[in-house]
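Letters A, B, ... are given to chains in the order of the sequence lines, protein chains preceding strands, and every chain is numbered from 1.
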2 protein chains.
Amino acid sequence: MAEGLEQALRARGLRVTEQRRLVLEAVETLRHCTPEQVLAQVQEQAPSLNLSTVYRTLELLQDLGLVTHAHLDHGAPTYHSTRGREHLHLVCRSCGKVEEASADAAHQLAATLMEQKGFISDVRHLAVHGTCRDCAGE
Amino acid sequence: MAEGLEQALRARGLRVTEQRRLVLEAVETLRHCTPEQVLAQVQEQAPSLNLSTVYRTLELLQDLGLVTHAHLDHGAPTYHSTRGREHLHLVCRSCGKVEEASADAAHQLAATLMEQKGFISDVRHLAVHGTCRDCAGE
DNA sequence: TTGAGTGCAAAGTATTTGCATTCCA
DNA sequence: TGGAATGCAAATACTTTGCACTCAA
């Protein structure tokens, strides 16, 4: 896990620290997580690790292209690893559940936007709000 | 402008106030706006109107179905009127500009998600992040 | 008249920043 | 050793809430 981290850091002349390793690992383990959730996870192994460090590190990892985030809910950014298949997020407005869907579903959208507006879509950042099957059934 | 407001309020037994009229008007004028921007706009005509009222009113207008919001950027929700054509939002990561695109572009996406996941998409809430034509050209 | 709505101030939550200390290279 | 990175605490931003006053019905 997190093999790319060391080389990405070195390539930029940045330092490899335990905190950075732990934060990336937490994101990969949790799959979808807010900064708070990352903190809780990393503190199991490093209780003194600080929330500021989580914020700073998430931003760094994002710069390095190792994680991205999407805004799934009101204010809460949710981070996830860029390893694994591209996916987009389905956020249920009723129950708050977040599902993943294949990014393929959005390729046509991306193509249309490119054609109409010359806009290059980042599909991974896409959050679709709506109602999930379970909630719709009720 | 804002004809629907009075009847929507009365239908619920709520009161028609100048503040509510002004907030809705501001959203319709500004097209895309944060609570802060709404405040600035309404204060031109009602300097004493408070930010709390803006928040409360935006939430109410949303309940009434007269406005929606999307999370275009980090923490700032952006409100817009539900009058006019359905549209989705293209947010440029480089320059921060927000464009609108026809919601039609996302119909296929919505259909696919329904089919694969039984998920009912609210296209109006959709924010697509990426790079706009101008920034891509550089 | 009366209670929904507002303004104000204070509280709550999320995120960022300055600075002294730590520790990687 | 030197400076990047961290921990801590304080600052900032955003949003919500309690309460007394106002005003639409």
Whole angstrom is fine here: how far is it from [atom1] in [X] over to [atom2] in [N]?
{"X": "E36(A)", "N": "dG12(C)", "atom1": "CD", "atom2": "P", "answer": "16 Å"}
{"X": "Y79(A)", "N": "dA14(C)", "atom1": "OH", "atom2": "C1'", "answer": "12 Å"}
{"X": "R12(B)", "N": "dG5(C)", "atom1": "CZ", "atom2": "C1'", "answer": "15 Å"}
{"X": "R21(B)", "N": "dC23(D)", "atom1": "CZ", "atom2": "C1'", "answer": "14 Å"}
{"X": "L5(A)", "N": "dA5(D)", "atom1": "CG", "atom2": "P", "answer": "12 Å"}
{"X": "H71(A)", "N": "dA14(C)", "atom1": "NE2", "atom2": "P", "answer": "15 Å"}
{"X": "L39(A)", "N": "dT13(C)", "atom1": "CG", "atom2": "P", "answer": "16 Å"}
{"X": "E59(A)", "N": "dA14(C)", "atom1": "CD", "atom2": "C1'", "answer": "15 Å"}

Can you find a pair of side-chain heavy atoms, one from [X] and one from [Y], that are under 4.5 Å apart?
{"X": "R12(A)", "Y": "D63(A)", "result": "yes"}
{"X": "T112(B)", "Y": "Q108(A)", "result": "no"}
{"X": "L24(B)", "Y": "L66(B)", "result": "yes"}
{"X": "F119(B)", "Y": "V128(A)", "result": "yes"}
{"X": "R15(B)", "Y": "L9(B)", "result": "no"}
{"X": "L58(B)", "Y": "H69(B)", "result": "no"}
{"X": "E25(B)", "Y": "E28(B)", "result": "no"}
{"X": "C132(A)", "Y": "E99(A)", "result": "yes"}

Taking only N and O in the side chain of Y55(B), is any of them less than 4.0 Å away from OP1 or OP2 of dT15(D)? yes

Distance check: side-chain N/O of Q19(B) vs OP1/OP2 of dC23(D), anything under 4.0 Å? no

Electrostatic pair E59(A)-R56(A), nearest N-O below 4.0 angstrom: no

What residues from residues 45-54 of chain B pass a heavy-atom cutoff of under 4.0 Å to DNA chain C? S48(B), L49(B), N50(B), S52(B), T53(B)

Mapping R56(B) and G13(B) onto DNA chain C by nearest heavy atom, which one lands closer to the 5' end? G13(B)

Global bending angle along the helix from dT1(C)-dA25(D) to dA25(C)-dT1(D), which compares the axes of five pairs at either end, to 10 degrees: 30°

Plane angle bin for H32(A) and H80(A) - parallel if under 30°, tilted between 30 and 60°, otherwise perpendicular: tilted

So, for L109(A) and A105(B), which heavy atoms are closest and what is the spacing to 0.1 Å? CD1-O, 3.4 Å

Collect all protein-nucleotide pairs involving nucleotides 21-25 of chain C in which both atoms are nitrogen or oxygen and the distance is under 3.5 Å.
unit_1	atom_1	unit_2	atom_2	d
dC24(C)	O2	R15(A)	NH1	3.2
dA25(C)	OP1	V16(A)	N	3.1

